[in-house]
Amino acid sequence: MTPLDTILQQIRAFVRDELHPLEPLLQTGRLEELAPALEQTRARVKELGLWAPFLPTERGGLGLSLTEYARVSEALGRSPLGHYSFNCQAPDVGNMELLMHHGSAGQQARWLGPLAAGEIRSCFSMTEPEHAGSNPIHLSTTAVRDGDEYVIDGHKWFTSSADGAAFAIVMAVTNPDAKRPHERASQIIVPTGTPGFRLVRNIPIMGEAGAGYFSHGEVVYEGCRVPVANLIGAEGSGFRLAQERLGPGRIHHCMRWIGMAERAFDLMCRRAAERELAPGEPLGSKQTVQHWIAESRAEIHASRLMVLDAAERIDREGAAAARVDISLIKFFVAGVLQRVLDRAIQTHGALGITDDTPLAWMARHERAARIYDGPDEVHKSVVAREILKEYGVSVSM
């Protein structure tokens, strides 16, 4: 057994024994009860030496490669509480990586250290309700230089986990006259206690507004003043940094979805084996259900191999070289998750749409998988354009 196999074995047992019993609190919206329970699970994860597996050891993590962490992400994905309990949840994981690679020494000391230790949370503020999220260079939020400060004004939404976060990383236009539109925006740290930062609401997602980490915020920036020292990287590098952040992030998401799909698959198979349509006639004896099981098994297995292949390429050549691979897995795995969840719900009948299983919660909150981090349609176009180039056809978006 390899060291990674040992880690995975520990994580699977922890998710099954410690996190699955807490899920009804999430499914039924009892988040005030869930929060202290999750702090206890996070403390136990630290005691087990499994904290922040994606971080280098000098930052308190396990120092896993992206390919190794991908397998961990799948194991954690079997519970919607998994990644948070191990301090590798979005958007914090992406913000930590951003600060590790591009943050100044001061930014790392003030923000990265506490974030890596799980003492604070953060959020990422990019999408705007007035503009199509599929076009990330079309932004209205501005950061105007005034001496040694930026003055930030704008309107964001789907700033996930803004409720209770210590700071936001904001995409704002600092260079409106840049010749290249991809060099107009920058990423800037805004402490949420800054005058002018206002959390308008937690946006209801299919009827659930959520709270704390489990929420998506609408945020307004009204004359927010922050030091120029809060700029991450160079002015105008916001889009490039966002792309660098999103590459590995899509590996994390896809493997998390595969973990969810495996959980749904297990529940579907158990239901098919245990539910009787009549005495001695299990649901699984029906050909339609058998086909759902076979199709799901094939799709999940194919997804896993595709994502691990993309992760290995990123480890070898970097995210830019794996751009098409990343788009391919993003739309493919999101679709597999939707189909497996739908089959599992259908197999459970009326039970499937209740919160007596995790399936309904997953279906509500992961429908967005085909939208966030780039909608399916954009990623399909990226893949098709690159393929057509090999045939001498140049197609613009």
Side-chain angles (χ1 to χ4, degrees), residues 4 7-8 11 50-77 82-84 86-103 107-108 111-112 115-116 121-124 126-127 136 160-161 169 171 187 232-233 237-260 303-334 337 366 368-369 372-374 378-379 382-383:
L4 179 59
I7 290 170
L8 290 170
I11 289 174
L50 298 171
W51 185 254
F54 70 98
L55 281 175
T57 53
E58 60 269 24
R59 293 286 182 188
L62 297 182
L64 299 183
S65 69
L66 180 60
T67 305
E68 291 170 328
Y69 174 66
R71 295 183 62 195
V72 167
S73 190
E74 177 185 345
L76 295 175
H83 287 75
Y84 183 78
F86 285 70
N87 201 40
C88 47
Q89 70 282 356
D92 294 310
V93 61
N95 289 347
M96 282 187 259
E97 290 176 337
L98 191 63
L99 289 169
M100 264 197 306
H101 298 304
H102 300 283
Q107 291 168 355
Q108 290 179 352
W111 304 113
L112 176 58
L115 202 56
R121 288 192 294 100
S122 64
C123 56
F124 189 73
M126 180 172 173
T127 305
S160 299
S161 308
I169 294 180
M171 278 276 283
Q187 295 194 17
I232 300 175
S237 66
F239 180 80
R240 179 178 60 80
L241 295 181
Q243 288 300 103
E244 185 178 317
R245 179 183 186 275
L246 284 173
R250 285 167 182 152
I251 298 290
H252 304 168
H253 276 312
C254 286
M255 291 305 287
R256 180 174 64 85
W257 296 337
I258 291 169
M260 281 192 172
S303 294
R304 180 182 296 108
L305 294 175
M306 287 174 66
V307 179
L308 291 176
D309 182 64
E312 288 174 1
R313 186 168 187 190
I314 293 174
D315 278 337
R316 285 194 317 268
E317 305 172 43
R323 179 167 171 261
V324 175
D325 307 70
I326 292 166
S327 283
L328 196 65
I329 63 171
K330 172 60 174 64
F331 77 78
F332 184 80
V333 181
L337 174 63
E366 296 305 327
Y372 60 64
D373 282 5
V378 169
H379 288 291
V382 168
V383 172

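Positions are given from 1, in the same order as the sequence printed here. This one's a predicted model, so the numbers in the text were calculated from it and none came from an experiment.
The line from CG of D373 to NZ of K330 is 6.0 Å long, rounded to the nearest 0.5 Å. Here I7 contributes atom CD1 and R71 contributes atom CZ; the two are 10.5 Å apart, rounded to the nearest 0.5 Å. Rounding to the nearest 0.5 angstrom, the gap separating the CZ atom in R323 from the CD atom in Q243 is 7.5 Å. Atom CG in L66 sits 5.5 Å away from atom CD1 in I251 (nearest 0.5 Å). To the nearest 0.5 angstrom, L98 atom CG is 12.0 Å from M96 atom CE. In this structure, CG in L50 is found 5.5 Å from CD1 in I11, a value given to the nearest 0.5 Å.
In terms of heavy-atom proximity, D325 sits nearest to A310 at CB-CB, 3.9 Å. The nearest pair of heavy atoms linking A319 to I326 is O-CD1, 3.8 Å. For the pair V382 and S327, the tightest heavy-atom approach, listed with the atom from each and the gap, is CG1-OG, 3.6 Å. Scanning all heavy atoms of the two residues, the minimum distance from C123 to P91 falls at CA-CG, 3.8 Å. The shortest non-hydrogen separation linking G374 to R250 is N-NH2, 4.4 Å.
Using a 4.5 Å cut-off on side-chain heavy atoms (C-beta onward), P248 and F54 make no contact. Side-chain atoms of L112 and Q107, non-hydrogen and from C-beta on, never get closer than 4.5 Å to each other. In this structure, the side chains of C88 and L76 come closer than 4.5 Å at one or more pairs of heavy atoms. N95 places a side-chain heavy atom less than 4.5 Å from the side chain of R245. Residues V383 and F331 meet the side-chain proximity criterion, which asks for heavy atoms closer than 4.5 Å. In this structure, the side chains of C254 and S303 stay at 4.5 Å or more apart for every pair of heavy atoms. At a threshold of 4.5 Å between non-hydrogen side-chain atoms, the residues I329 and H379 do not count as touching. No side-chain heavy atom of L62 sits less than 4.5 Å from a side-chain heavy atom of T57.
In this structure, D315 contributes its side chain and S65 its backbone to no donor-acceptor pair below 3.5 Å. Under a 3.5 Å cut-off, the side chain of S237 and the backbone N or O of R240 do not form any donor-acceptor pair. Without hydrogens or angle criteria, N87 side chain to A116 main chain gives a donor-acceptor distance under 3.5 Å. R304 contributes no side-chain N or O that, together with a main-chain N or O of I258, makes up a donor-acceptor pair within less than 3.5 Å. Between the side chain of Q187 and the backbone N or O of G238 there is at least one donor-acceptor pair closer than 3.5 Å.
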* Evaluation steps, side-chain hydrogen bond (donor to acceptor under 3.5 Å, both in side chains), between H101 and E244 -> CA-CA 10 Å; H101 298 304; E244 185 178 317; 5.6 Å; no
* Asked: Under the side chain to side chain contact (heavy atoms under 4.5 Å, CB included) criterion, do V72 and F86 qualify, and how do the steps go?
  -> CA-CA 10 Å; V72 167; F86 285 70; over 6 Å; no
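Every residue meeting the side chain to side chain donor-acceptor pair (under 3.5 Å) condition with R59, not counting sequence neighbours, appears here in chain and number order: Q108. Under the ring pair (Phe, Tyr, Trp, His ring centres under 6.0 Å) criterion, F332 pairs with no residue, sequence neighbours left out. Contacts of H253 classified as ring pair (Phe, Tyr, Trp, His ring centres under 6.0 Å), with partners at least two apart in sequence or in another chain: W257, Y372.
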